[in-house]
Amino acid sequence: MTDHRDGPDDHEVEALLRRHYRDLDPGTAPARLAANVRGRLSGAARQPDGAALARVPVAPVRALSGRARTQLGPSLALAAAVVLLAVAGLAVSRLSGQPAQASPTTAAAPSGTTTVQSTAPGSPQASPSPSGSASPAVAGGSAQLAMAFADRSHGVVVGAYGGRGAVWATSDEGQDWTAVPVDAPPLDSAAMVGTHAWASASCSDSATGGCSPTVLESLDGGLTWTTVASADVTSLSFVDAQDGFAVDASTPGAPGLLATHDGGKTWSALGGAAPCEAGFFPVAVSFADAQHGWAACSSGKAALGSSPKEFVATADGGATWSVRSRADGGVASAGSLPFAGDFRGVDMLGSGTGVAWLAIEGLIRTTDGGATWSRLPLGSAGGNLEWPGAAITPDGMLFALTVDATAADGSATFNLGLDNGQTWKPYTQFSRLPAPGASPTPQPPAAVQPATPDAVAFLDAAHGIAVGGDATNAYAWRTADGGATWAVAPLGAGAARALAVSGQSAWTDLLVCPADAAPGNPACTGSVERSNDGGATWTVVGHANLTSISFGDATHGFGVGFEPPSTGAGTATGGFGTALYATSDGGATWAPLADSRPCGTFDPVSVSFVSASHGWVGCSSVIGAGSGLKGVMETTDGGRTWSWRARISYPGGPKDIGSITSSDYLATIAMAADGSGLITGQRGSTIRTADGGRTWVSCPPGQFDAFTTSGAAILPGGPWYVVQSGWLNATLTTTESRLMRSADRGAAWTQVGGWLPTPPPSPGP
Amino acid sequence: MEPTQLGIDEAAFVELIIGRLDEANRVATWILGDAAAAEDAVQDAAARAWAGRDGLRDADAAAAWFGRIVVNACRDELRRRSSRPRTSAAALAPEIADPSSRDGETADRDEVGRAVARLKPDFQVVLALRFGADLTVPAIAERLGIPEGTAKTRLRDALAAARVAIAAERASTPTTREARA
């Protein structure tokens, strides 16, 4: 058979292979395999005496494979060279233009802190005692990937590339990421409050030496980092710029909780009672404020289908703790914690809503402070996913990282959770190992953006109009049945962002811009168009460059456009340079108001007038790291004088007024004569007021999980409307637009009809 | 919101897995060439199946699905052996990550075993399914969740690679081969 030719022929190869595999055939599996599987999968549930938990590792050393698999997910690839995406570049310029680091007061909401547990001994033989499990091999379970979001726009992913630490930062809800190499060991934990971010390298994965535990901070949303401490901590959780919490990673097997009160420079034991019961130790921690915190506790006996664990809470800053739920496979179990899967991390809000992520079970969510949990459907059917990180934003938005252990390139995926995590949209792919010469930055999926409406208005309860467009063409949608069905027709080449109605007239502005200019840019030329037949036909009545229009009556209108180049007031202050315009002849001629920039260092963005004299302007600030700083002003004399009603400002800027969120960028303001109204954000958020714009509250989270600019309108004495676009359909595959209506001044919203019709995509410019 | 509790009968799920263990263990052994590693992989696969139990529709689909997870678990193990960066893998399981110790473990294996172990994971998998489990090409395609044409191509490429690898093994170990001949 084995002659002396150089190689075997095909038949010989096949014969050799068959013999090889025949020799290997183990026949019937050893009984211990069935016993182990049975015990790990089901024994806990049905044999609470624990007998079934007596596990005999098949190969004591190799039983680490469970950890090894966890290890697969981790190393997110990071660019050796920083390459800024186009939009990220904008973010950078905004950030660097900020005069001072954002103070925590600009985002005082609970931090969207996420953590990744890294030191829990996961092998069956691992002992919870420090001496028994401190070996590098056992401590080598660092997930090397973590995520934190301060709000729904601003977040960081931390990990490693080429053996060194690395960060990705986003300021637009994960649509664009800036890759930042960090001079630190691989990072395994992150926290973020406002634009203040922290990351830590606990070195628990390092068996090769040369790894020094490091805590870093960034004051600019994650773009630049400086080392602040050499503490060996993980599972960072900060509640403000000074006060944070973490798991002590210096003693694998029996870690405790640490606290800092100087922004991470020094750490000391939290004090108070041990957070976990005997037999458990904390592996992840999340504090919503200085008093209210939660800890995920492991037994250190995690293995395959069984992983005793408990979830504890404190309401007094860690002085005392109470068990919220426990899964130990026996009669002591309480709540609905999954038994399988060791804790990886947890992120909680002060309301008691939060998420935790586990090794095998994936993402689980609680709305009652951890007493009961439900599993979220993110990859639970594939069987090959890891969940190295997740985050919940103060307004309930969910994000999660997943790593497909079987993907050829080991890529990680950034997912957006919709409907409280019941549906998920895989969004950004992070390639673990960039192809030679390929761009090392994450690649958002290429998508053709269909035409979507940007603004909406109703002439009466039946007749409504929306205008918007795609990259090259503007369209108008019309409905005659209250929004149930729509017809769409081209408006022309260009963009239409503004829409106003008064009586039976409607106005929009068709903007034609250079290829690299956004609508509203001074380089654009705009034609004010008027329709007297509900949007079916439009006639040019004047020329102005407006991105927002509102008419108080048939002749008196107001708009937002770029200021005349001669003044330069806005650009001098670093703002957008927008200004207020007015017409008193039905839109034929437009002139800047005498006080065209009433918002000071803020920029007017959207106007809403209920009469020729009474109106509001929504203002936005580009200062402050794009934190969504905004304000509302009111006039009762046709725009001659304005008064602030609400404002959230930047450090060193004008003082805050009233109550309004800094989350999301202001897109549209729509007000009613009684002083109620709403503001929509560019990321789909909606807030409402009932007192003339002084105080604003969010509409229910989960309802407006759209991700593009949404328009708003109020029919005088009638319903409120919002038109929004995003991945709204069940399959989350294409961009859809829909009309939402509220009959109770914004408290409850229902969708009207189906998706708005989409014109065929325009060919790219 | 649905509670965490399982959507299917736990006991039925466990028995379904138990009933597939022999076949799973054989496939895993063929792919990995190592009984202990195979048992670990099967348990790993069982855990993955547990994690995904909500996706089960019926017993038939579940059996095929479990079979695929076993293969995936084995392929992961092969990838760990062959391609994990030394630094992190060594921290976890030095005996897996260190090729020299791996070679030491298998030093007494015949040249075919060594040759197969040098192939890329996808090739090892397809060879084990074809010549170990004796699956047809369509069955291999179904097991791997790939088109039949892809399975056929992969098998052909794997055979060609095995042929080269076996020849290389023979060239590098003449004394062993001649002693045996």
Side-chain angles (χ1 to χ4, degrees), chain A residues 2 6-8 10 13-14 16-18 20-21 24-26 28-29 33-34 36-38 40-42 45-46 58-59 61-69 71-72 75 136-137 140 163 205-208 304-305 336 338 340-341 360-362 364 372-375 380-384 405-406, chain B residues 1-5 10-11 14 17-18 21-22 25-26 29-30 33 35-44 46-52 54-55 69 72 75-77 80 85 87-93 95-96 110 112-113 116 127-128 131-132 159 162-164 166-167 170 177 180-181:
Chain A
T2 54
D6 284 336
D10 285 349
V13 168
E14 291 194 16
L16 287 169
L17 289 169
R18 286 186 191 282
H20 165 71
Y21 290 115
L24 275 176
D25 192 346
T28 306
L33 180 58
N36 286 347
V37 169
R38 191 187 296 276
R40 293 174 198 197
L41 296 195
S42 71
R46 289 184 284 115
V58 171
V61 180
R62 296 289 290 282
L64 278 168
S65 64
R67 303 297 299 165
R69 186 165 63 86
Q71 187 73 3
L72 263 185
S75 17
D205 187 42
S206 175
T208 55
L304 296 179
S336 55
I360 293 171
E361 291 280 327
I364 57 176
T372 60
W373 297 85
S374 58
R375 181 144 31 114
S380 61
N384 291 315
T406 65
Chain B
M1 191 163 300
E2 294 299 316
T4 300
Q5 272 316 310
E10 263 188 25
V14 172
I17 298 297
I18 297 294
L21 283 185
D22 281 352
N25 189 52
R26 292 177 81 197
T29 308
W30 283 319
E39 288 182 40
D40 277 349
V42 170
Q43 293 186 49
D44 191 8
R48 294 188 191 185
W50 178 262
D54 282 356
I69 292 178
N72 286 342
R75 186 162 45 200
D76 291 349
E77 172 62 17
R80 260 193 297 279
T87 49
S88 62
L92 272 167
E95 80 288 358
I96 294 175
D110 62 61
V112 177
V116 169
L127 290 176
F131 300 108
L159 267 172
R163 179 178 174 176
V164 172
I166 290 171
R170 288 180 175 176
R177 180 171 59 80
R180 188 180 299 143

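Each chain gets a letter, A, B and so on, in the order the sequences are listed, and its residues count up from 1. Computed from heavy atoms alone, side chains included, the values below leave out hydrogens, waters and symmetry copies.
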Smallest separation among heavy atoms of A:Ala34 and B:Ile18, with atom names: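 Looks like O-CD1, 3.5 Å.
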Heavy-atom closest pair, residues B:Glu39 and A:Leu33: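 Closest approach of B:Glu39 to A:Leu33: O-CD1, 3.8 Å.
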Heavy-atom side-chain proximity of B:Phe131 to A:Val13 below 4.5 angstrom: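 Not touching, per the 4.5 Å side-chain cut-off.
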Partner set under side-chain hydrogen bond (donor to acceptor under 3.5 Å, both in side chains) for A:Asp25, not counting sequence neighbours: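 For A:Asp25 the side-chain hydrogen bond (donor to acceptor under 3.5 Å, both in side chains) partners, ignoring immediate neighbours, are B:Arg26.
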Check: A:Ala29 main-chain N/O paired with B:Asp22 side-chain donor or acceptor under 3.5 Å: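 At least one qualifying donor-acceptor pair exists.
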Which portion of B:Ile17 sits near chain A, non-hydrogen atoms under 4.5 angstrom: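 Contact with chain A involves the side chain of B:Ile17 alone.
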Residue selection (most heavy-atom pairs with chain A, distance under 4.5 Å) from B:Leu127, B:Val164, B:Leu159: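 Heavy-atom pairs under 4.5 Å are most numerous for B:Leu127.
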